2 protein chains.
Amino acid sequence: MMELTRKGEYAIRGIVYLAAQPDDKVCLLSDIAAAVDVPATFLAKIFQQFSKIGLVKSYRGTGGGFLLGRLPENITLLEVVEAVEGPIIPNRCVVGAGECTRDLSCTVHPVWKRVQEQVRNVLEGVTLKDLAGE
Amino acid sequence: MMELTRKGEYAIRGIVYLAAQPDDKVCLLSDIAAAVDVPATFLAKIFQQFSKIGLVKSYRGTGGGFLLGRLPENITLLEVVEAVEGPIIPNRCVVGAGECTRDLSCTVHPVWKRVQEQVRNVLEGVTLKDLAGE
DNA sequence: CCCTAACAAGACATTTTTTATCCTTTTAGG
DNA sequence: CCTAAAAGGATAAAAAATGTCTTGTTAGGG
Ligand code: SF4
Ligand code: SF4
């Protein structure tokens, strides 16, 4: 259980690659895809999602491509993952009140809250700078 | 991401209900299913899995039914979840070496290891006794 | 011995999610 | 204009989740 999808894995590979490039280097999607071994059309969709929320900046036309939207040290793995996979939700009752009619008295509910918190903490503690290495 | 499936949720509800019953009470599947609001045929499959690994004991025929295989304080939530959902695997590379050809030098790999460990710790720290309440 | 109660096991069906691919549109440079 | 490149939308195949159904097995009781 709790498995990251391909999409998530690809997303991370792609943006970490971007983070490892020189700051101002505009990268072609096709190059990124080849480098991290991901289908280019699929990666395109992923980067569109990144672009919409500003995780990456994109430029169209000749000389276009992608670069990071912020400094690598200011982008956490949590943001990246949630951008493409949605929020970290170990069980639907952690979304909010009323998702499960049992949540008020449920003894399991707090456990999922803790799981959510722990996972978020780990992912939030890692930035793209950490992942891109030196 | 990381969402528990219905199966997992149902499994927990079912076995927690069982843990909340008097120690020697043999429970009918149909009663459990009704009590925790789960399709009986689906819950049957789940309890069959429990039964195979000894989490619950089952008796057939008239007067048959289910009861816990061990004391509630000796069954962790981790066991219950893994019994029906499989191992906690945030990313396939945590399964073992060779699952991903990149795992040797991958900077993300250790992060998933940490996530796995944290989640397991939380779930392992909760027993059915805790969940069944007084 | 037979009948009924209850779980076990396996096959089957439906829906949803994942994992893409393709085609058209928009934007920008030269 | 012509070409490069990303954006957006439609579509499709494969896999997983979510059940259901039928048949088999085990046990108790008359
Ligand atoms: S853990 Fe409790 S509150 Fe959450 S979905 Fe399950 S029953 Fe509902
Ligand atoms: S995190 Fe690294 S080792 Fe794990 S699957 Fe992704 S690339 Fe492979």
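Proteins get letters first, then strands, A, B, ... in listed order; numbering begins at 1 in each. Just so it is clear, the model here is predicted, and its values are computed rather than measured.
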(request) Take atom CD of B:Gln49 and atom P of C:dA8, then tell me their distance rounded to the nearest Å. (result) 12 Å
(message) Under 4.0 Å, counting only non-hydrogen atoms across every strand here, what does B:Lys57 touch: a base, just sugar-phosphate, or nothing?
(response) nothing
(message) Please report the distance, rounded to the nearest Å, between CG in B:Leu43 and P in C:dA9.
(response) 15 Å
(request) State, without any angle test, whether B:Lys113 and B:Gln118 hold a side-chain donor-acceptor pair at a distance under 3.5 Å. (result) no
(request) Starting from C1' on D:dT18, measure out to CZ on A:Arg92 and report it in whole angstrom. (result) 12 Å
(request) List the protein contact pattern of nucleotides 13-26 of chain C with one symbol per nucleotide (5' to 3'): B for base contact, S for sugar-phosphate-only contact, - for none; contact means a heavy-atom distance under 4.0 Å. (result) ------SSB----B
(request) Can you see which heavy atom on A:Arg70 is nearest to which on A:Glu79, and at what distance? (result) NH2-OE2, 2.6 Å
(request) Take atom CD1 of B:Ile46 and atom C1' of D:dT18, then tell me their distance rounded to the nearest Å. (result) 10 Å
(message) Donor-acceptor pair, distance only, cut-off 3.5 Å: does the side chain of A:Glu82 make one with the backbone of A:Ile88?
(response) yes
(message) Applying a 4.0 Å non-hydrogen cut-off, can you work out what A:Phe47 is touching in the nucleic acid: base, sugar-phosphate, or nothing?
(response) nothing
(request) Starting at atom CG of A:Leu67, determine the distance to atom C1' of D:dA6, rounded to an integer number of angstrom. (result) 13 Å
(request) Can you tell me the distance, in whole Å, between the CD1 atom of B:Ile53 and the C1' atom of C:dA8? (result) 16 Å
(message) Between P on D:dG19 and CD on B:Glu9, what's the gap in Å once rounded to a whole number?
(response) 12 Å
(message) Test of understanding: clusters of I, L, V, M, F, W, Y form through side-chain heavy atoms closer than 4.5 Å, transitively. Do A:Tyr17 and A:Leu71 belong to the same one?
(response) no
(request) Nearest whole angstrom, please: distance from the P of C:dA28 to the CG of A:Leu29. (result) 18 Å
(message) Taking any heavy-atom pair under 4.0 Å as a contact, classify A:Ser30: base, sugar-phosphate, or nothing.
(response) nothing
(message) Within the 3.5 Å criterion, strictly below it, is a donor on A:Asn91 or B:Glu3 matched to an acceptor on the partner's side chain?
(response) no
(request) Identify whether A:Leu18 and A:Leu28 are in the same connected component of the hydrophobic contact network (ILVMFWY, side-chain heavy atoms under 4.5 Å). (result) no
(request) May I ask you to say whether B:Arg102 pairs ionically with A:Glu9, meaning some side-chain N is under 4.0 Å from a carboxylate O? (result) no
(message) Whether A:Ser58 contacts D:dA5 is assessed here as follows: a side-chain N or O lying under 4.0 Å from the phosphate OP1 or OP2. Is that the case?
(response) no
